[in-house]
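In what follows, a structure is listed as C-alpha cells, so that the remarks can point back to it.
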Protein chains: 2
Amino acid sequence: MKVNNNLSSYIKRYIELTEEENELFQSFLKNTVLKKGDFLLKAGQTCTAKYFVVKGCVRLYYIDGKGNEQIIHFGLDNWWITEYDSLINKNPSNIYIQAIEDTLLLTLNQTSFEKLTLEIPKINTLFRIIMEKTFIASQRRLEYMLSYSGKELYQKFVSQNPEFLQRVPQYVIASYLGMTPEFYSKIRSNTI
Amino acid sequence: MKVNNNLSSYIKRYIELTEEENELFQSFLKNTVLKKGDFLLKAGQTCTAKYFVVKGCVRLYYIDGKGNEQIIHFGLDNWWITEYDSLINKNPSNIYIQAIEDTLLLTLNQTSFEKLTLEIPKINTLFRIIMEKTFIASQRRLEYMLSYSGKELYQKFVSQNPEFLQRVPQYVIASYLGMTPEFYSKIRSNTI
DNA sequence: GGAAAATCTTAATCTATTTCAAGAAATGAT
DNA sequence: ATCATTTCTTGAAATAGATTAAGATTTTCC
C-alpha cells in the first residue's frame, strides 16, 4: 500500500515512526475528494473524523445572528483540520467545512484513531502536538484581534500568508479578519 | 501524604485512577501560595509548569502596543492554567500570570509531568482532555468576539459568569471583553 | 458568446466604541 | 482618621468600522 509522501514528511517533523508503523498508520486513512463548493461538514451534522489536507483549501465557518458567514479557520495543504467540539463531545456542529477549491484529503475517523492509538501509542503524541499547535495559533489570533486595528490585521495577514490572496475570495478573507468586504476593499485601495 | 480533595474530584470527572495512582500523581505536585498582586509568571520568563488553582483567582495578560494590559484568560478554583506557547516551545513568554486575590495552586513542573506520564500513562489522557476543553473554550470565545457587540458580550458574560463580578476589578473584566473601562461603565449603567 | 450570478469597489451616512478630561467613590497605607 | 492611590463614572468629541446603495468587474453556466 502506497503511503502519502506529504503526510510522511509531516509526521517526521514531530515523531519518529518506523517504515512499518508509518504504513500501518496510513492504512487507516481514507482518501476523500472534494470539488470546489462541496461540504465536508454541515451545521447539524456530527463530526466524526480528523482530516489531513493533501492538496487544496477548505474553510470553516458558521452563520452568525445576521445570516452572514463568519469564517473562523482555513485548511491549506499539510494542515490537519476537524471540528473539535463536535468530534469530542459528539454533538451536532454549528460549523460548516467547505472546499474553496478542488481538494484532496486523508480522513482519519475516530474509531480508526482509537484503534491506531492502541497499536501505535506514539500517535497520541503526534495528535497532542497538533492540538497544542492549534491552540497556540488560536491564542495568537485572539491576541491579534484584541490588539490590532482592521488595517493592521490586514497588513499582518498579507505578509504572513501571501499564498491565500490568489486562492481565496476577498470576502472570505474579510470575514476571517472580522471585517466587512467593503471595509476590506477600502483598506486594500488605501482609502483608509 | 494527604491528597487534595478538590483535585481528586476534578480528576474523577475525566479518568479513573486507583487510590495509589492518585496519591502517586499528587506526590509530584507542589503547593504554591500567592498573595494578591504576586506574579506566577512575568514577560520574559519561560514557563516551566502547569498549575491547578485550588482556591483563589489569577489573570493572564500581556501588554499591548499602547502600554495597556490586555487580559486574555482567568483562572478560578478548579481550573488548570499555564502559558502553553512558552511551556511547549520553551521560549520567553509575553504573558504575565498574576494573582487577583490570595491564591493557592498546585504546581506540576514539566520534568515531573514527563516522569509521571511514564509511570501513569493515563495522565496523558487527562491532559489531552484538558487541552481539548481549553481549545474548545477558546474557539467559543473567538466566535463570541466576532459575532456580538460589546453590550451583548457583557450581557452574556454576566449571565454565564456571575461569580466574577464581585471578585475581579471592573477594568480587568472590561479588558477581557475587549473594551475600555469607560465603555464597560456606560454599558453597566445603561447609557448605551 | 452572451446572460446570469458572484465578486469587488466606491461613496455617503450611520453606529459602536475609543479617547480625553474631569471628578466621584472606594481602597490601601500610615 | 487622614491622605494617597486606585478604581469607577460621566459627558463631549473623535475615530474605526458598518451599513446602505449603486455600479463595475469577473466568473460561471448554458
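Chain letters run A, B, ... following the sequence lines, proteins first and then strands; every chain starts at 1.
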**OP:** Rounded off to whole Å, could you give me the OH-to-P distance for the A:Y184 and D:dT19 pair?
**Re:** 18 Å
Original post:
Are the aromatic ring centres of A:W80 and A:F127 under 6.0 angstrom apart?
Top reply: yes
Original post:
Is the shortest side-chain N to carboxylate O distance from A:R128 to A:E132 below 4.0 Å?
Top reply: yes
Subject >> Interatomic distance where CG belongs to A:D64 and P belongs to D:dA18 [whole Å] >> reply: 12 Å
Original post:
Given side chains that start at C-beta, do those of B:V3 and B:N5 come closer than 4.5 Å, heavy atoms only?
Top reply: yes
Original post:
Between B:Q70 (CD) and C:dT18 (C1'), how many Å, whole number?
Top reply: 14 Å
Original post:
To the nearest angstrom, how far is B:I187 atom CD1 from C:dA16 atom C1'?
Top reply: 10 Å
Original post:
Looking at residues 94-103 of chain A, who's got a heavy atom less than 4.0 Å off DNA chain C?
Top reply: none
Subject >> Six-ring centre of A:F113, A:K50 cation under 6.0 angstrom, axis tolerance 45° >> reply: yes
**OP:** Would you check if B:L146 and A:Y62 make a side-chain contact, meaning some heavy-atom pair closer than 4.5 Å?
**Re:** yes
Give every pair of a protein N or O atom and an N or O atom of nucleotides 10-14 of chain C that lie under 3.5 Å apart, one pair per line with the distance.
residue, atom, partner, partner atom, Å
C:dT10, OP2, A:S189, OG, 3.3
C:dA12, N6, A:K186, NZ, 3.0

Original post:
Could you state the NZ-P distance from B:K66 to C:dT18, rounded to the nearest angstrom?
Top reply: 9 Å
Subject >> Close side-chain approach of B:N4 and B:Y10, heavy atoms under 4.5 Å >> reply: no
Subject >> A:Q26 and A:S8: side chain donor to acceptor below 3.5 Å >> reply: yes
**OP:** Select from A:R188 and B:Y148 the residue whose nearest nucleotide in DNA chain C is closer to the 5' end of that strand.
**Re:** A:R188
**OP:** Calculate the interatomic distance between B:Y154 atom OH and C:dA16 atom P; express it in whole Å.
**Re:** 18 Å
Original post:
Are OP1 or OP2 of C:dT17 and a side-chain N or O of B:K151 less than 4.0 angstrom apart?
Top reply: no
**OP:** Say whether, by atom type as modelled, one donor and one acceptor occur between the side chain of A:S138 and the main chain of A:T134 under 3.5 angstrom.
**Re:** no
Subject >> Sorted by number, the residues of residues 164-180 of chain B with heavy-atom contact under 4.0 Å to DNA chain C >> reply: B:G178, B:M179, B:T180
Original post:
Has the side chain of A:N161 got a donor or acceptor atom that lies under 3.5 Å from a matching backbone atom of A:F157?
Top reply: yes
Original post:
For the residue pair A:H73 and A:W79, does the interplanar ring angle fall in the parallel (under 30°), tilted (30 to 60°) or perpendicular (over 60°) class?
Top reply: tilted
Original post:
Which whole-number value in Å describes the distance from A:I192 CD1 to C:dT9 C1'?
Top reply: 12 Å
Original post:
Is B:F183 close to B:I192 at the side-chain level, that is, under 4.5 Å between some pair of heavy atoms?
Top reply: yes
